[in-house]
Amino acid sequence: MNKLAVIIAAMGVTGLASAQLQISIGVRETHAGGGPEVGVGGNGGSAGGIEWINLDGQTLNLNGTWQQFTFTFATDPVTGFAGATANGVLDGNYGVLENIRIRNLGGHTIPLNLWIDGVTNTYTPVGGSPVSVNFGSFENYDPGTRVMFQLPNFSGSTAGFLTPTPNIAQVTSNYAFEGSNSYNVQFGFNSPAQTNWLRLTTFNTVNSPNPLIRFDQNSQLTFWMRGEVVPEPGTMAALGLGTLALIRRRRNKKA
Ligand SMILES: [Ca+2]
Ligand SMILES: [Ca+2]
């Protein structure tokens with residue numbers, strides 16, 4: 001464990017090496033709700049209930065590496081979340097990616113910095129070959145643009161679990177898994193309670209809202225995330241760590 005991680009651990013916060021979040025998704029059953037069957041990634045609307053897929057079943061290590069998350073609709077566990085059709089059974093042939101659920105497994109109370117890239121739905125039409133649609137590359141938008149995911153505090157379901165700042169969601173060119181851009185989300189949990197979570201919702205976002213995904217045809221949703229724990233500048237200065245953190249960030253960015 002490096003010097004920064006040791007000091008952060010001594011402050012009562014999970015050390016960088018073991019810092020984790022649980023990642024799952026909520027999907028809205030727009031087919032069951034009477035919503036339109038547009039193409040994958042198109043605006044599927046906001047009709048229908050929301051189910052969790054593989055609730056809290058995967059982990060993001062906050063170590064600055066890109067990690068892939070995969071959801072397989074035919075076989076992953078389904079857990080009801082909200083709405084009339086949320087019954088633990090996936091209804092309809094398609095729906096929309098309503099949210100990424102980010103649970104505070106590591107008990108974090110300092111700001112978290114996440115990046116998302118390559119949001120892709122892969123499915124196999126009957127009698128055909130697999131089709132992959134990457135509708136979340138973030139390559140067609142300028143840095144600073146809000147795309148697909150709303151601000152962290154947008155959802156009333158989870159705003160009460162978050163600190164007022166940071167509250168950032170925008171395209172960035174600082175890191176990318178593929179291409180030049182990814183999507184950066186910055187937020188903080190206001191308590192170390194491991195039950196707290198963030199509903200990072202796609203609900204009616206100005207660009208690329210409510211993206212449609214298939215549930216049938218051996219459909220899988222995949223995306224990549226990387227994450228870091230970012231001590232607050234004030235804390236860093238008080239500990240005389242500002243320069244160290246700056247060096248670390250520069251080194252990470254080059255890598
Ligand atoms: Ca259902
Ligand atoms: Ca990209």
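- Checked by atom type and distance alone, the side chain of N54 never pairs as donor or acceptor with a backbone atom of D76 at under 3.5 Å.
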Starting from the C-alpha separation in whole Å, work towards a yes-or-no answer on side chain to side chain contact (heavy atoms under 4.5 Å, CB included) for E178 and S137.
-> CA-CA 7 Å; E178 34 99 280; S137 70; 3.8 Å; yes
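- With a 6.0 Å cutoff to the six-membered ring centre and a 45° limit on the axis angle, R103 does not count as a cation-pi contact of W197.
- In this structure, the side chains of S219 and F71 stay at 4.5 Å or more apart for every pair of heavy atoms.
- S191 contributes a side-chain N or O that, together with a main-chain N or O of A193, makes up a donor-acceptor pair within less than 3.5 Å.
- In this structure the side chain of V78 never reaches within 4.5 angstrom of the side chain of V89, judged on heavy atoms.
- Criterion: ILVMFWY side-chain heavy atoms under 4.5 Å apart, direct or through other members. Under it, I168 and M225 are not part of a common hydrophobic cluster.
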Please report the C-alpha distance between D56 and R101 in whole Å, then the side-chain angles of each, then the deciding distance to 0.1 Å, and finally whether the salt bridge (charged side-chain N to carboxylate O under 4.0 Å, His left out) criterion is met.
-> CA-CA 8 Å; D56 301 331; R101 170 184 161 105; 2.8 Å; yes
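- Linking ILVMFWY side-chain heavy atoms closer than 4.5 Å, directly or via other members, places Y141 and L114 in a single hydrophobic cluster.
- Hydrophobic clustering of Ile, Leu, Val, Met, Phe, Trp and Tyr side chains at less than 4.5 Å, counting indirect connections, keeps V40 apart from V96.
- To the nearest 0.5 angstrom, S46 atom OG is 4.5 Å from F203 atom CZ.
- Between P125 and V131 the shortest side-chain heavy-atom distance falls below 4.5 Å.
- Under a 3.5 Å cut-off, the side chain of N207 and the backbone N or O of R146 do form a donor-acceptor pair.
- Using a distance-only test at 3.5 Å, with no hydrogens or angles considered, a donor-acceptor pair links the side chain of E51 to the main chain of G88.
- Aromatic ring centres of Y94 and F215: separated by at least 6.0 Å.
- Put simply, the side chain of T163 gets close to the backbone of G188: a donor and an acceptor are under 3.5 Å apart.
- To the nearest 0.5 Å, the span separating CD1 on I53 from CD1 on I213 amounts to 7.5 Å.
- The six-membered or imidazole ring of F161 lies away from that of F189, with a centre-to-centre distance of 6.0 Å or more.
- Separation of atoms CD (Q220) and OG1 (T72) is listed at 3.5 Å; rounding is to 0.5 Å.
- In this structure, CG on N190 lies 14.0 Å from NE2 on H108, to the nearest 0.5 angstrom.
- A donor-acceptor distance shorter than 3.5 angstrom exists from the side chain of H31 to the backbone of N93, with no hydrogens or angles considered.
- For the atom pair CG (N121) and CZ (F73), the distance works out to 6.5 Å, reported to the nearest 0.5 Å.
- Proximity of a side-chain donor or acceptor of N184 to a complementary backbone N or O of Q170 within less than 3.5 Å is not detected.
- Between Y175 and W115, the ring planes lie perpendicular to each other; the angle is over 60°, past the 30° to 60° tilted range.
- The OG1 atom of T79 sits 11.0 Å away from atom CG of N87, with the distance rounded to the nearest 0.5 Å.
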Go through L200 and I116 one step at a time and tell me if the side chain to side chain contact (heavy atoms under 4.5 Å, CB included) criterion holds.
-> CA-CA 11 Å; L200 188 66; I116 302 166; 3.8 Å; yes
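- Between Q20 and the choices N63, N104, T59, N61, the side chain to side chain donor-acceptor pair (under 3.5 Å) rule is met once, by N61.
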Does the pair E29 and T85 meet the rule for a side-chain hydrogen bond (donor to acceptor under 3.5 Å, both in side chains), with working shown?
-> CA-CA 7 Å; E29 297 172 311; T85 63; 2.6 Å; yes
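- Put simply, the side chain of T172 gets close to the backbone of N174: a donor and an acceptor are under 3.5 Å apart.
- L97 and L212 fall within the same hydrophobic cluster, where Ile, Leu, Val, Met, Phe, Trp and Tyr residues are linked whenever their side-chain heavy atoms come under 4.5 Å apart, directly or through other members.
- Side chains of I100 and F223 form a contact here, defined as non-hydrogen atoms less than 4.5 Å apart.
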